[in-house]
Amino acid sequence: MRFLIDADVVLELFLNRGGFVENTERLLLKSTKTEWLELYITDKCLKRVFLELEDENSELAEQSVAFIKRSFNNRIIKIDSAIKEQARKYPLADFDSAEE
């Protein structure tokens, strides 16, 4: 099974916000231990994590993005112009969510 992890979920984990941290950690850990679960993120997710963390600590932001890249290896989807065009036509009010 393949799932795209929304950028907000990853942000919740790295910013330690909300009640989703434990569930997100369990999901990520499970995906490393099973072959049937493949998790993906977008390159936009990496940018958002970096921007959120950069205000507090640019070194931490760089380390966090590097960790995510290593963890997701070849499972980072590039948001290209074709995806942006599809997102513009998608019936969601939130453009970022439509892209993902």
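No hydrogens, no waters, no symmetry mates; every other heavy atom, side chains included, goes into these values. One-based numbering along the sequence shown.
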Novice: Just so I know, are the side chains of Phe3 and Glu38 near enough to count as touching, which here means a heavy-atom distance under 4.5 Å?
Specialist: no
Novice: Can Glu99 and Lys44 be counted as an ion pair, charged N to O under 4.0 angstrom?
Specialist: yes
Novice: Is any side-chain heavy atom of Leu27 less than 4.5 Å from a side-chain heavy atom of Ile5?
Specialist: yes
Novice: Identify the two heavy atoms, one from Ser31 and one from Leu28, that lie closest to each other, and give their separation to 0.1 Å.
Specialist: OG-O, 2.7 Å
Novice: How would you list, by chain and number, every residue that makes a side-chain hydrogen bond (donor to acceptor under 3.5 Å, both in side chains) with Glu54, sequence neighbours excluded?
Specialist: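 For Glu54 there are no side-chain hydrogen bond (donor to acceptor under 3.5 Å, both in side chains) partners, ignoring immediate neighbours.
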Novice: Are Glu100 and Phe95 side-chain neighbours, meaning at least one heavy-atom pair lies under 4.5 Å?
Specialist: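 A side-chain contact is absent here, since even the closest heavy-atom pair is not under 4.5 Å.
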Novice: For the residue pair Ile68 and Ile41, establish whether any side-chain heavy-atom pair is separated by less than 4.5 Å.
Specialist: yes
Novice: So Asp8 and Leu11, do their side chains get closer than 4.5 Å, heavy atoms only?
Specialist: yes
Novice: With a 4.5 Å heavy-atom cut-off, do Ile76 and Lys69 have their side chains touching?
Specialist: yes
Novice: Using side-chain hydrogen bond (donor to acceptor under 3.5 Å, both in side chains) as the criterion, list what pairs up with Tyr90, not counting sequence neighbours.
Specialist: none
Novice: Where the side chain of Asp43 meets the backbone of Ile79, is there a donor-acceptor pair that is under 3.5 Å apart?
Specialist: yes
Novice: Is any side-chain heavy atom of Glu25 closer than 4.5 Å to one of Leu29?
Specialist: no
